[in-house]
Amino acid sequence: MGKTTVARTSSIVAGAVAIAMLSGCAWNPQELRAEVQLGLQPNQDVIALPEPEQVATAIDRLPGVIEKTFDDTGVPGMAVAVVHEGKTVYSQGFGVRESGTDLEVTPETVFQIASLSKPLSATGIAAAIGASDGALSWESPISQYMPNFAFSDPVVTQRATVGDAFSHRTGLFTGAGDDLEDIGYDRAQILERLTLQPLDTFRNSYHYSNFGVTIGAEAVAASRGQEWESLMDELVFEPIGMTSSTARYDDYLASDNRAVLHAKIDGEFVPRFERDADPQAPAGGVASSVADLAEWMNVLLHEGESVDGEMVADADALRQAMTPHVVSGAGPELTVRPSHYGFGFNASPMLSGRMAYSHSGAFVLGAGTAFQVVPELDLGIVVLTNGAPVGAAESVVAQFFDMVQFGEPTRDWTADFEGFFAGYLVPVGDLVGETPPSDSMLPSNIDQLLGEYQNSYFGDLILEREGDVLLARLGPDGVTQMQLTAWDGGVLAYAPSNENAPDGSLASATFTRVGDDMSVTLESFDAQGLGTWTKKS
């Protein structure tokens with residue numbers, strides 16, 4: 001590839017000409033030119049690196065960037081690894097695995113990586129495709145391997161492919177199935193009930209869906225006659241040498257060197273919750289270390305081949321996964337660059353013009369992770385934290401690639417990402433911030449409300465009284481319980497607490513009687529109109 005210089009944009013040049021004419025100054029077009037590195041074709045042209053040794057310079061400066069971001073965000077622990085030209089060139093841990101202890105984070109510390117699981121799972125599918133002798137592809141229909149699974153639309157049931165599932169375009173809305181996981185249902189129970197979920201336009205809509213991805217992964221596992229977790233062991237973790245990685249929560253708990261989750265409560269990171277993501281393991285249930293993930297990034301950068309020369313994943317299938325297939329985000333203005341999603345990967349051009357492949361992971365209960373690879377530079381970075389998503393991982397990634405490409409960070413990424421992720425930590429529910437009536441009390445007919453209520457999607461709800469406490473039990477065998485408190489007549493209040501309901505959430509439970517029929521609607525469960533239970537006669 002060669003280098004040349006070109007005017008940045010015609011509008012900038014025209015504006016500069018006008019300013020020069022108005023001010024009476026001579027205009028020097030060379031001042032408005034940027035060095036461009038030419039590719040084999042125009043859409044491979046990129047802004048050239050400032051210096052030939054820019055990657056090495058950025059790696060040297062990286063520890064200072066990490067330490068500042070670590071201090072500014074206050075996350076308890078962080079681990080970072082960088083790979084370049086087939087080697088791990090940086091690997092370091094910062095902070096502690098659990099606040100209040102002196103258990104230091106190392107590159108081998110195992111973190112729950114949340115949605116960074118998705119591109120790992122896509123790698124597993126690319127490996128399965130390569131091992132199938134042409135029988136399996138991203139275009140394989142889900143119904144071929146899961147004949148008993150059904151979406152609410154028979155056409156989607158018949159036509160949806162593994163690729164549709166991994167690119168979030170089946171029509172399932174964001175959160176479909178997550179609400180069932182929150183109250184204790186396992187993977188099989190959740191997939192069975194997804195047939196009751198409404199759908200948006202098939203292949204013409206994008207809705208980020210954990211259980212959409214899980215459906216696709218389960219279909220591939222079924223094609224091989226094995227469970228998904230075993231597929232990942234056999235096709236990804238073992239061949240790459242990811243000895244600390246697992247798609248099983250129990251394996252994560254068994255690790256002697258693991259980081260615990262820290263939710264952010266009242267401004268502090270607190271190790272209060274656990275997060276068993278086994279039901280959605282393909283989408284968010286992997287645990288790994290930066291040492292392991294560095295080896296995986298090298299596989300991505302070298303078209304499915306490990307540093308030992310072993311073909312882990314089919315090159316064409318992996319390339320398809322990392323190719324944009326759907327617009328995942330676009331602003332209202334024509335000046336906004338759209339973002340794209342492949343099969344389990346974010347796949348979008350950077351400011352410099354280089355293509356980047358990435359993903360973030362977030363558990364509101366206490367994890368924030370991110371990785372990014374840039375094939376044109378043969379370079380990748382992964383950042384894992386054990387704090388609720390505040391943008392720490394994404395900020396380190398962005399600052400590092402800015403230093404590589406432009407010499408300095410282009411903006412205050414830590415502040416910007418903190419603002420972006422702030423919405424993740426906002427309490428949910430229609431009663432948040434509301435003041436209950438001063439004369440609020442439990443309904444006088446409270447005993448008539450007690451009993452069992454049924455709901456086809458969420459299952460039974462049992463309302464019972466224990467002394468002065470009114471409890472709602474839901475989920476399999478009533479495993480999840482919530483206390484209902486007085487609010488306003490037939491409206492009671494409850495405080496959901498789970499991965500999708502941060503600390504401080506407060507929602508209404510509205511009881512309605514029509515004739516002899518009594519029902520209750522739980523507002524935080526009613527996003528798709530499925531949150532009403534009817535009392536059994």
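Heads up: numbering here begins at 1 and tracks the sequence.
- Across all non-hydrogen atoms, the minimal contact from Leu261 to Phe273 is CB-O, 4.0 Å.
- The heavy-atom pair separating Asp402 from Arg411 by the smallest distance is OD2-N, 4.4 Å.
- Ring-plane geometry between Phe511 and Tyr453 is classed as perpendicular, the angle between the planes exceeding 60 degrees on a 0 to 90 degree scale with a lower cut at 30.
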Exercise. For Val307 and Glu295, what are the C-alpha separation, side-chain angles and deciding distance, and is it a side-chain contact (heavy atoms from CB on, under 4.5 Å)?
Worked result: CA-CA 8 Å; Val307 292; Glu295 299 301 316; 3.5 Å; yes
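- Here the straight-line distance linking atom CZ of Phe525 with atom CG of Asp182 works out to 7.0 Å at 0.5 Å rounding.
- Atom OG of Ser456 and atom CZ of Phe458 lie 11.5 Å apart (nearest 0.5 Å).
- A distance-only check finds no donor-acceptor pair linking the side chain of Ser115 to the backbone of Ser360 [under 3.5 Å].
- Leu231 CG to Ile125 CD1: the interatomic distance, rounded to the nearest 0.5 Å, is 8.0 Å.
- Looking only at side-chain heavy atoms (C-beta outward), Trp296 and Ile240 come within less than 4.5 Å of each other.
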For this session: Mind running side-chain contact (heavy atoms from CB on, under 4.5 Å) on Val46 and Gln405 for me, showing each step along the way?
Result: CA-CA 10 Å; Val46 296; Gln405 297 177 104; over 6 Å; no
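- Other residues, nucleotides and ligands place more than 12 heavy atoms under 6.0 Å from the CD atom of Gln226.
- Ala507 and Gly429 make their closest contact through CB-CA, 3.9 Å (heavy atoms, listed as atom of the first residue, atom of the second, distance).
- The one candidate from Gln280, Glu218, Glu181 that meets the side-chain hydrogen bond (donor to acceptor under 3.5 Å, both in side chains) condition with Arg187 is Glu218.
- Under 3.5 Å, the side chains of Glu234 and Ser230 contain no donor-acceptor pair of N or O atoms.
- Using modelled atom types, one side-chain atom of Arg193 and one backbone atom of Tyr457 make a donor-acceptor pair closer than 3.5 Å.
- Between Asp178 and Glu499, every side-chain heavy-atom pair lies at or beyond the 4.5 Å cut-off.
- Looking at heavy atoms from C-beta onward, Pro119 lies out of side-chain contact with Tyr357 at the 4.5 angstrom threshold.
- For CG of Asn43, the number of neighbouring non-hydrogen atoms (other residues, nucleotides, ligands) closer than 6.0 Å is greater than 12.
- Within the 4.5 Å cutoff, the side chain of Leu293 has heavy atoms near those of the Leu384 side chain.
- Side chain of Asp430 to backbone of Ser508: a donor-acceptor contact under 3.5 angstrom is found.
- In this structure, the separation between CH2 on Trp138 and CG on Asp316 is 13.0 Å, given to the nearest 0.5 Å.
- Between the CZ atom of Phe237 and the CD atom of Glu229 there is a distance of 9.5 Å, given to the nearest 0.5 Å.
- Put simply, the side chain of Leu199 reaches to within 4.5 Å of the side chain of Leu172, judged on heavy atoms.
- Looking at Ser205, its side chain does come within 3.5 Å of a backbone N or O of Thr201 through a donor-acceptor pair.
- Side chain of Ser209 to main chain of His168: no donor-acceptor pair is present (N/O by atom type, distance under 3.5 Å, no hydrogens or angles).
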For this session: Step by step, work out the ring pair (Phe, Tyr, Trp, His ring centres under 6.0 Å) result for Tyr341 and Phe343.
Result: CA-CA 7 Å; Tyr341 203 87; Phe343 297 147; 9.0 Å; no
Exercise. Does the pair Tyr145 and Val220 meet the rule for a side-chain contact (heavy atoms from CB on, under 4.5 Å), with working shown?
Worked result: CA-CA 7 Å; Tyr145 303 111; Val220 172; over 6 Å; no
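- No donor-acceptor pair under 3.5 Å is formed between the side chain of Arg203 and the backbone N or O of Asp164.
- Distance alone, capped at 3.5 Å, is enough to place a donor-acceptor pair between the Asn455 side chain and the Leu530 backbone.
- With rounding to the nearest 0.5 angstrom, the CD atom of Glu192 is 10.0 Å from the CG atom of Leu194.
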For this session: Please lay out, stage by stage, how Phe401 and Leu379 fare under the test side-chain contact (heavy atoms from CB on, under 4.5 Å).
Result: CA-CA 9 Å; Phe401 273 107; Leu379 182 65; 3.6 Å; yes
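- Taking 4.0 Å as the cut-off between side-chain N and carboxylate O, Arg248 and Asp233 count as a salt-bridged pair.
- Across all non-hydrogen atoms, the minimal contact from Leu235 to Val312 is O-CG1, 3.5 Å.
- Proximity of Phe345 to Leu300: side-chain heavy atoms (C-beta onward) are separated by under 4.5 Å at one or more points.
- Inter-residue side-chain proximity for Leu351 and Arg337 is flagged as met; some heavy-atom pair is nearer than 4.5 Å.
- Counting only heavy atoms from C-beta outward, the side chains of Gln197 and Asp179 approach each other to under 4.5 Å.
- When each of Val520, Thr521, Leu463 is checked for a side-chain contact (heavy atoms from CB on, under 4.5 Å) with Trp533, only Val520 meets the rule.
- Closest approach of Ser117 to Gly285, counting heavy atoms only: OG-N, 3.4 Å.
- For Glu274, the CD atom sits in a loose shell: 12 or fewer heavy atoms of surrounding residues, nucleotides or ligands are nearer than 6.0 Å.
- Of all heavy-atom pairs between Asp292 and Ser244, the closest is OD2-N, 2.9 Å.
- Applying the 6.0 Å contact sphere to CD of Gln454 captures more than 12 heavy atoms from other residues, nucleotides or ligands.
- Here the options are Val364, Leu365, Asn498, the test is side-chain contact (heavy atoms from CB on, under 4.5 Å), and the partner is Arg275; only Leu365 passes.
- Counting only distance, with no hydrogens or angles, the side chain of Ser352 and the backbone of Ile47 share no donor-acceptor pair below 3.5 Å.
- Under 3.5 Å, the side chains of Tyr208 and Ser328 contain no donor-acceptor pair of N or O atoms.
- The aromatic rings of Phe417 and Phe421 sit tilted, their planes meeting at an angle between 30° and 60°.
- Looking at Ser140, its side chain does come within 3.5 Å of a backbone N or O of Ser137 through a donor-acceptor pair.
- Checking side-chain atoms of Gln189 against main-chain N and O of Asp186 turns up a donor-acceptor pair under 3.5 Å.
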